[in-house]
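Just so it is clear: chains get the letters A, B, ... in the order the sequence lines come, proteins before strands, and each one is counted from 1. Hydrogens, waters and symmetry mates play no part in the numbers below; they use all other heavy atoms, side chains included.
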Protein chains: 2
Amino acid sequence: MTMQGHALDLARDKIRGTGARMTAPRVQVLAAMLGTQRVLSHRDIEDMLGAARLDRVTLYRVLDWLVEQGLAHRIAGRDRVWRFSATGEAHETHGHFQCNRCGKILCLDELSAHSVPLRLPAGCRPERTELTVTGLCAECTV
Amino acid sequence: MTMQGHALDLARDKIRGTGARMTAPRVQVLAAMLGTQRVLSHRDIEDMLGAARLDRVTLYRVLDWLVEQGLAHRIAGRDRVWRFSATGEAHETHGHFQCNRCGKILCLDELSAHSVPLRLPAGCRPERTELTVTGLCAECTV
DNA sequence: GTTGTATATGCAACACAGTTGCGATTCCGT
DNA sequence: ACGGAATCGCAACTGTGTTGCATATACAAC
Ligand SMILES: [Mn+2]
Ligand SMILES: [Mn+2]
Ligand SMILES: [Zn+2]
Ligand SMILES: [Zn+2]
């Protein structure tokens with residue numbers, strides 16, 4: 001409860017900082033993301049909200065907005081589902097691990113995408129390097 | 001025509017090599033993939049086949065089968081679209097570049113995923129490392 | 001060649017992530 | 001309070017990929 005209260009306050013601060021409107025959906029979604037270490041899918045967040053349910057489309061739009069504002073980052077897994085995280089700053093550049101069985105994504109904070117030496121075809125303008133290791137997570141290893 | 005004939009013969013050889021049935025859909029799809037350097041989506045292949053149209057589901061199943069047999073590789077991009085390639089052997093390990101605007105994928109043959117030093121959380125078993133650079137391709141740069 | 005059968009195809013219906021348009025609501029500066 | 005732009009909620013839609021099942025066919029045995 002204290003933890004959740006803190007996440008709510010933090011979420012409100014961050015949203016206030018953008019200068020845009022502070023709305024219940026934005027606060028709730030960002031607080032949910034701040035309150036966990038996990039990388040959450042749209043569906044994960046829907047489930048977490050439970051009672052405070054909000055429209056599917058609104059959730060998609062809030063997530064897009066959080067990414068635009070730099071308050072969250074978006075990760076593409078091999079299951080072709082977007083996942084979102086609000087923790088840390090270096091997330092744009094570090095690698096991720098995705099479990100082939102349960103789909104869970106972990107952040108590999110020590111694995112920097114910047115350490116990869118780029119040599120691109122002529123004319124290509126790189127924007128971002130994504131580094132994803134797939135395999136089995138500790139819980140799914142038999 | 002000579003080029004296409006060669007791709008057809010090569011496709012037939014490879015399919016015969018699996019010991020499974022040789023069917024028109026398999027030959028046509030594999031030949032289409034062997035006849036290009038590009039990394040093709042389901043839709044790309046449908047368009048290429050044109051007259052020799054075949055059922056959507058059959059195409060999905062042929063692609064799955066080609067991957068199972070090791071005759072093609074499947075690449076996950078940032079959009080929710082699988083892309084396939086029959087060329088080379090190193091697709092599992094080298095990096096790829098995907099254009100944020102047109103979705104095209106290029107192979108970065110010189111960028112090896114093996115060069116990335118892994119340091120995973122305890123218990124995680126890595127199977128594959130994916131390295132994708134996103135940005136704008138030469139044709140989409142304004 | 002004919003036949004039998006496991007295998008592959010084609011169709012219809014479905015699942016699921018994500019998007020678009022638009023009218024109704026609400027945040028917030030005045 | 002008030003007004004208007006920003007945001008929300010709903011419905012309908014798109015696109016990719018999957019499942020179930022009846023039909024067709026590759027190919028091995030004869
Ligand atoms: Mn991360
Ligand atoms: Mn490749
Ligand atoms: Zn797992
Ligand atoms: Zn492009």
Side-chain angles (χ1 to χ4, degrees), chain A residues 11-30 39-49 51-69 71-72 74-84 98 100 102-103 105, chain B residues 8 11-30 32 39-49 51-69 71-72 74-84 98 100-105:
Chain A
R12 275 190 269 263
D13 281 352
K14 285 176 182 269
I15 291 168
R16 209 183 335 267
T18 68
R21 284 196 193 171
M22 179 138 56
T23 67
R26 285 176 180 172
V27 173
Q28 282 162 4
V29 172
L30 183 52
V39 184
L40 302 171
S41 66
H42 179 277
R43 174 63 77 90
D44 290 334
I45 297 174
E46 267 187 341
D47 293 346
M48 287 172 71
L49 293 184
R53 175 171 235 81
L54 53 98
D55 186 74
R56 280 166 30 81
V57 178
T58 301
L59 177 49
Y60 277 117
R61 291 201 269 233
V62 166
L63 290 170
D64 285 348
W65 180 84
L66 289 171
V67 171
E68 265 172 38
Q69 301 300 317
L71 296 179
R74 188 197 314 262
I75 299 164
R78 271 189 77 79
D79 52 6
R80 302 179 319 288
V81 175
W82 295 116
R83 283 181 178 75
F84 300 84
Q98 179 164 30
N100 282 330
C102 68
I105 291 187
Chain B
L8 279 172
R12 275 191 268 262
D13 281 352
K14 285 177 183 268
I15 290 167
R16 208 182 335 266
T18 68
R21 283 196 193 171
M22 180 138 56
T23 66
R26 286 175 180 172
V27 173
Q28 281 162 6
V29 171
L30 183 52
V39 184
L40 301 172
S41 65
H42 179 278
R43 174 62 78 89
D44 290 335
I45 298 173
E46 267 188 342
D47 293 346
M48 287 172 72
L49 292 184
R53 176 171 235 81
L54 53 98
D55 187 73
R56 281 166 28 79
V57 178
T58 301
L59 177 49
Y60 277 117
R61 292 200 270 233
V62 166
L63 290 170
D64 286 348
W65 181 84
L66 289 170
V67 171
E68 265 172 38
Q69 301 301 316
L71 297 179
R74 170 190 267 123
I75 298 164
R78 271 186 77 78
D79 46 16
R80 317 192 311 116
V81 178
W82 294 116
R83 283 180 177 76
F84 300 85
Q98 179 164 29
N100 282 330
R101 206 174 136 271
C102 69
K104 186 170 51 190
I105 291 187

Subject >> Divergence of helical axes at both termini of the helix from C:dG1-D:dC30 to C:dT30-D:dA1 - five pairs an end, 10° steps >> reply: 30°
Subject >> Of B:D64 and B:G19, the one whose closest DNA chain D nucleotide lies more 5' >> reply: B:D64
Subject >> Nearest to side-chain heavy atoms of A:R26, which nucleotide of D:dC8, C:dA17, D:dT18 >> reply: D:dC8
Subject >> Electrostatic pair A:D13-A:R16, nearest N-O below 4.0 angstrom >> reply: yes
Original post:
Are the side chain of B:Q98 and the backbone N or O of B:I105 linked by a donor-acceptor pair below 3.5 Å?
Top reply: no
**OP:** Classify every nucleotide of nucleotides 20-28 of chain C by which part a protein heavy atom approaches to under 4.0 Å, writing B for the base, S for the sugar-phosphate alone and - for neither, in 5'-to-3' order.
**Re:** BB----BBS
**OP:** Grab the CH2-C1' distance between A:W82 and C:dT19 for me, whole Å please.
**Re:** 14 Å
**OP:** Test A:T18 against A:W65 for side chain to side chain contact (heavy atoms under 4.5 Å, CB included), laying out the working first.
**Re:** CA-CA 11 Å; A:T18 68; A:W65 180 84; 3.7 Å; yes
Subject >> Main-chain N/O of B:L63 paired to B:H42 side chain as donor or acceptor, under 3.5 Å >> reply: no
Original post:
Please give, in whole Å, the distance from C:dC16 P to A:Y60 OH?
Top reply: 12 Å
Subject >> Student check: side-chain heavy atoms of A:K14 and A:Q69 closer than 4.5 Å >> reply: no
**OP:** Nearest whole angstrom, please: distance from the P of D:dA12 to the CZ of A:R56.
**Re:** 14 Å
**OP:** Could you tell me the separation between the CZ atom of B:R43 and the C1' atom of D:dT14, rounded to a whole number of Å?
**Re:** 11 Å
Original post:
Would you say the side chain of A:V62 lies within less than 4.5 Å of the side chain of A:Q28, judging by non-hydrogen atoms?
Top reply: no
**OP:** Could you tell me the separation between the CZ atom of A:R78 and the P atom of C:dA17, rounded to a whole number of Å?
**Re:** 18 Å
**OP:** Would you mind reading off the distance between A:W65 atom CH2 and D:dC8 atom C1', rounded to a whole angstrom?
**Re:** 14 Å
Subject >> Along DNA chain C (nearest heavy atom to each residue), the more 5'-positioned of A:H42 and B:V62 >> reply: B:V62
**OP:** Quickly work out the B:E46 CD to D:dG17 C1' distance and round it to whole Å.
**Re:** 12 Å
Original post:
Can you tell me how far P of D:dA6 sits from CD of A:E68, to the nearest Å?
Top reply: 13 Å
Original post:
Is a donor on one side and an acceptor on the other found under 3.5 Å between the side chain of A:R80 and the backbone of B:W82?
Top reply: no
Subject >> Residue pair A:D64 / A:R74, side-chain heavy-atom distance below 4.5 Å >> reply: yes
Original post:
Where the side chain of A:D55 is concerned, which of C:dT9, D:dG17, D:dC10 is the nearest nucleotide?
Top reply: D:dC10
Original post:
Distance from A:D55 atom CG to A:E46 atom CD, nearest 0.5 Å?
Top reply: 9.0 Å
